[in-house]
Amino acid sequence: MVDNRPRAYLLQQQDEVGAGRKGLLAALILAQIAVLAFLVSAMLGRNPPSILQLLILLVLAQLFRALNDKIYLPTLATRGDAAVLRVYAGAFRPLLTCTIWVALAVLTWLQFGAQVAVVGGLVLVGIGLRTLINLRRATGGLLRWRDIQLMNSLLAFVSQADVEARRGELAAARELQDRAANHPAVRKHPKVLHTIAMQRAAWALVQGDHALAERQFKDAAEYLRKHTDRSALGEALTGLGNLYLAQERYAEARAVMTEALRVAGGKMYRLNRVRIEYNLAVICVQTDDTEAALSHALEARTLSRQWGAFTVLGNACDVLAGVAAEAGRPDEADAYLAEAAEAYRQDDAGPNSWTRHHLMRAIVFTVRGDEVHALDAYLLMIRLLSEVRAGWGWRDAQAHLTRVMGEQELTAVRLAHARYDRGDDSAVDFLTEVMDLSSRTALRQVLRGGIATDDRADDLQPDLVRLLGEIASYEDAISGQQSAQPGADQPDDRERKGLVSLAAYERLESLVSIRFRRMFQGTAPPASGAPAGRVPPGSHLLQARLFDDDGSVVITGIWTSPDGVRVPYLHTATDRQASIIRDFIVPAPRRAAGDGVEGGAGESVDGAAGALPTTFRAQNGEWGTSRHFRRLRTPKWGQWSELAALLLPAGLLTLLSRSDPDGDVPHLLIVPDPVLWRVPWAVLAVRNDGADRFLADHAILSYLPSLALLDDTAPDVEQQSHGPAAAYLADVDADGIRIEKEALTSAYGDTVEFLPTPEALLSVLRDCGTRSPLRLLAVSVHGNGSPGLAHALALTDGTELSAARMLALRFPPLLLINACLSAELDQRQGTDPLGIPTVALCRGAETVLGGLFPLPDGTAANPEYSHATATIVSHLYGLLSAGVPPSIALRRAQRRWRESRPEAPPVLWAGLVALGVDSRVPAGTSGGS
């Protein structure tokens with residue numbers, strides 16, 4: 001089997017030995033030689049040392065053993081300085097260490113006599129034998145004496161990983177575990193690998209990767225059955241039962257857990273025994289067997305008290321509290337909740353357990369009608385969920401957590417809205433913080449601070465550097481040799497590169513997250529409450545989030561007016577509204593050409609399609625057949641009114657409809673959640689008739705991926721877009737490029753530099769902080785919709801520039817990416833909204849203009865619709881060079897193009913959007929043409 005993982009993904013195995021480690025190794029060897037020379041001279045002279053000297057020698061022996069291991073462990077599998085390392089690891093290191101201990105024994109004999117030396121030697125041999133036996137149980141095989149300390153250190157990594165996981169830091173736990181699992185010494189012992197696999201399976205279970213969890217639990221159980229390890233087999237079966245419980249396969253879960261009790265018997269680990277009783281109680285609760293649930297929960301409570309399993313004690317008490325509350329025994333429920341909290345404190349339980357505890361508190365308070373305390377408990381739960389999401393690091397896992405807890409969060413939001421409707425203004429603070437937590441990201445501090453690319457020394461920096469280099473190599477041009485050898489049974493180069501490098505992108509995201517959390521651990525979290533103070537004066541802020549409630553679409557959000565008044569809203573979509581919005585947020589499969597927007601063919605739709613361009617600036621062959629595209633090209637304007645009623649609060653909708661498109665219009669800053677990011681907000685219809693019906697006509701629009709990207713201390717950028725400019729235009733429609741070049745030359749004259757190659761573009765971005773102050777960069781290429789740091793631009797046919805590679809670059813204040821999907825963000829809820837625009841905003845850009853969906857390119861049957869993107873962009877360049885703020889300039893350019901094309905469908909003009917906050921847009925700014 002070919003290992004397709006990137007070389008950097010193999011961690012330390014192919015690393016070179018750093019200069020610092022070489023120096024430490026040399027100093028250690030010299031120190032050991034000096035101590036050895038002293039010991040040999042003492043033995044030869046038969047001059048017994050003092051007790052103090054013996055103690056110093058003992059301390060030195062222990063110190064050298066620890067340093068030997070610290071040097072030996074990370075460098076054993078390296079390829080650099082192979083000869084020196086082979087000699088040191090194979091001969092010199094054990095020789096020096098053993099000689100020190102022998103010399104210490106001889107000197108002890110000289111000082112205290114033969115009896116003391118023999119007794120001490122026997123004690124040390126006994127300790128060594130006990131260690132060897134324990135390691136044999138853990139590894140399933142015999143170890144050489146020289147490997148004992150190494151295996152102890154490797155197993156310590158695994159143990160520390162478990163500690164990090166209990167604290168909620170699963171990303172850091174996987175990092176530690178990888179360092180042990182990838183070591184050649186571990187691979188010789190299948191039992192250790194299965195132990196690690198079971199640990200990884202338990203994490204995969206809570207993070208939603210059920211396929212991986214089931215495969216690894218079953219593989220471990222099969223291995224342990226053959227090797228008759230009853231304790232470990234019971235642990236593997238317990239994990240498999242937990243998986244079936246999570247999948248609501250209650251009969252199978254009960255059967256597997258019963259089998260675990262039978263096969264392990266008296267050898268079962270106590271913690272697993274307690275967990276099985278607790279899980280059986282949960283199964284009974286889910287199957288409405290209250291009496292059995294009470295029995296199992298009480299048994300779990302008794303056993304966990306007896307054996308000191310305090311976290312499971314807390315879990316069992318939470319179940320008992322829920323049963324008591326449902327039975328109408330509030331005092332008993334309170335007692336169990338108090339006992340659970342005390343148990344969690346005794347065990348220093350992680351955020352996962354506390355999250356479940358506060359959820360149960362909220363449920364108990366709701367049952368008794370105490371909505372105020374229920375909201376307090378829900379808020380504590382949601383704060384902890386935010387911490388758990390950050391600690392998990394792996395983006396699919398974060399999205400899974402958001403989906404799993406979505407029902408509970410929506411329940412809390414509905415409860416708060418009910419209180420707000422009854423006049424409780426404190427509910428607004430609750431809703432504001434919940435909305436803020438859902439869109440909060442730590443990525444701005446990571447990237448703006450240069451944390452991902454600086455030269456601070458820590459254990460993550462080498463991996464970050466290697467991953468950035470590895471990703472850059474994937475995105476460079478495909479070599480002629482690779483292109484010349486296509487195989488009939490192999491995927492093409494682009495697909496192969498994508499499959500191989502995806503793990504590197506995901507790993508880089510996790511490492512950046514871990515590094516941030518380590519550097520900023522203990523700092524105060526962002527202040528909760530109203531975010532209005534961070535919004536530029538005169539702007540309206542709209543935050544929106546989508547919940548999927550058992551098939552029903554629910555939109556919740558907060559509108560903050562320029563004077564700081566916050567208005568929450570909650571809308572449940574009608575069937576038609578849900579159908580419309582799902583066509584934008586759910587990727588649609590390929591459909592037949594005659595399948596219309598409403599589910600059938602229609603002449604008006606097909607007629608409109610025939611007049612549109614047939615090419616787009618995107619690597620997306622299915623765009624023309626998607627329901628997203630068919631919604632955007634239809635002349636049926638009623639759908640935009642229905643979408644506006646769902647996504648906008650009634651008060652804001654009324655205010656916008658009364659603004660004069662040719663006069664002063666408000667500035668609206670939109671912060672949608674990742675799922676709602678693809679919705680074309682600009683074409684929401686705030687009026688039902690007339691050419692100026694759209695939101696883009698009645699407001700100046702700016703978008704932000706997260707409120708955390710607002711920077712209170714960022715200086716006002718004067719003449720942001722006026723000054724030296726550069727452009728890279730390649731690989732799109734030739735006539736469109738000509739239109740753009742002419743417009744750039746007309747607008748900027750000799751101050752614009754046209755970059756001829758990808759290397760020239762990357763050179764400008766690497767030197768952006770040191771060269772002349774570049775104000776504007778325009779890039780017109782093809783884009784793709786890959787998630788997260790894999791989001792990329794195709795600079796040429798074989799060279800890509802991804803969000804990951806952008807981590808090491810700097811950008812001018814204004815960045816125009818006239819490419820399809822260049823404003824795309826990761827659609828996974830609950831994670832940092834990663835993508836090209838996010839990284840650019842964090843790495844120097846104040847405003848990014850990009851494509852929200854594939855931008856039309858080339859000619860059309862209707863000449864008025866040809867080169868729509870290039871023509872709009874050409875208007876934009878002129879306005880920007882005149883000093884018009886970017887968000888206003890984009891609105892004017894789009895409206896100017898539409899003046900002679902009032903019936904043009906949104907797919908032609910609404911794709912470009914402005915991301916960022918332009919602090920130069922004052923209240924009442926005229927956005928008219």
Side-chain angles (χ1 to χ4, degrees), residues 355-356 358-367 369-389 398-440 526 528-532 541-560 565-574 577-578 581 585 645-652 670-677 679 706-707 828-831 833:
T355 298
R356 290 193 295 268
H358 290 306
L359 173 60
M360 184 55 67
R361 290 180 60 236
I363 292 172
V364 170
F365 287 132
T366 302
V367 168
D370 187 350
E371 295 180 346
V372 174
H373 286 94
L375 283 179
D376 290 340
Y378 274 127
L379 186 57
L380 290 172
M381 179 198 79
I382 294 171
R383 286 173 180 169
L384 286 170
L385 281 176
S386 180
E387 291 184 19
V388 172
R389 284 199 303 264
Q398 292 174 330
H400 167 74
L401 178 64
T402 303
R403 288 192 301 271
V404 168
M405 299 301 294
E407 181 180 353
Q408 287 76 18
E409 288 192 71
L410 180 57
T411 299
V413 168
R414 281 176 165 154
L415 180 60
H417 272 282
R419 293 196 61 79
Y420 172 75
D421 292 339
R422 294 198 296 269
D424 183 0
D425 290 337
S426 65
V428 181
D429 294 331
F430 173 90
L431 292 168
T432 300
E433 183 169 356
V434 170
M435 187 65 67
D436 194 23
L437 287 170
S438 70
S439 66
R440 181 175 294 165
S528 60
L541 170 68
L542 181 70
Q543 298 169 270
R545 184 177 177 189
L546 181 145
F547 286 95
D548 190 342
D549 182 27
D550 290 332
S552 298
V553 173
V554 177
I555 303 294
T556 181
I558 294 179
W559 162 38
T560 305
V565 175
R566 294 167 290 161
V567 180
Y569 66 100
L570 182 93
H571 295 158
T572 300
T574 64
Q577 287 173 327
I581 201 167
I585 66 176
L646 176 65
L647 294 173
L648 302 177
L652 178 61
I670 304 173
V671 187
D673 76 353
V675 175
L676 292 174
W677 188 259
V679 173
S706 168
L707 275 180
R828 291 172 281 192
Q829 272 188 326
T831 69

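Using a 4.5 Å heavy-atom cutoff, the side chains of E409 and L385 are in contact. Side-chain contact between L647 and I581 is present, with at least one heavy-atom pair separated by less than 4.5 Å. L380 is listed as a side-chain neighbour of R383, based on a closest heavy-atom distance under 4.5 Å. Side-chain contact check for M381 versus R361: every heavy-atom pair is 4.5 Å or farther apart. The closest side-chain heavy-atom distance from F547 to V553 is not below 4.5 Å.
Of all heavy-atom pairs between T572 and L646, the closest is C-CD1, 4.4 Å. The heavy-atom pair separating L652 from W559 by the smallest distance is N-CZ3, 3.4 Å. Closest approach of D548 and L546 over heavy atoms only: N-CD2, 4.1 Å. The two residues A416 and A427 make their nearest non-hydrogen contact at O-CB, 3.3 Å. When all heavy atoms of L415 and A374 are compared, the closest pair comes out as CD2-CB, 4.1 Å. In plain terms, the two heavy atoms of Y569 and L648 that are nearest each other are CE1-C, 4.3 Å.
Expressed to the nearest 0.5 Å, how far CZ of R566 lies from CG of L431 amounts to 9.5 Å. Rounded to the nearest 0.5 Å, atoms OG1 (T355) and CD (E387) are 8.0 Å apart. Residue L375 holds its CG atom at 8.0 Å from CG of D424, rounded to the nearest 0.5 Å. Atom CE of residue M435 and atom CD1 of residue I558 lie 5.5 Å apart, to the nearest 0.5 angstrom. Here CD of Q543 is found 12.5 Å from CG of L676. Values are rounded to the nearest 0.5 Å. Interatomic distance, CG of L359 versus OG1 of T411, reported as 9.0 Å (0.5 Å rounding).
The aromatic rings of Y420 and H417 sit perpendicular to each other, their planes meeting at more than 60°, with 30° as the lower class boundary.
Sorted by first and then second residue, the salt bridge (charged side-chain N to carboxylate O under 4.0 Å, His left out) pairs involving residues 369-379 (not counting sequence neighbours) are E371-R419, E371-R422.
Judged purely by atom type and a 3.5 angstrom limit, H571 has no side-chain atom pairing as donor or acceptor with the backbone of I555.
Partners of R403 according to the side-chain contact (heavy atoms from CB on, under 4.5 Å) rule, which considers only residues two or more places apart in sequence or in another chain, are A399, H400.
Looking at T556, I382, V554 one by one, the single match for side-chain contact (heavy atoms from CB on, under 4.5 Å) with V413 turns out to be T556.
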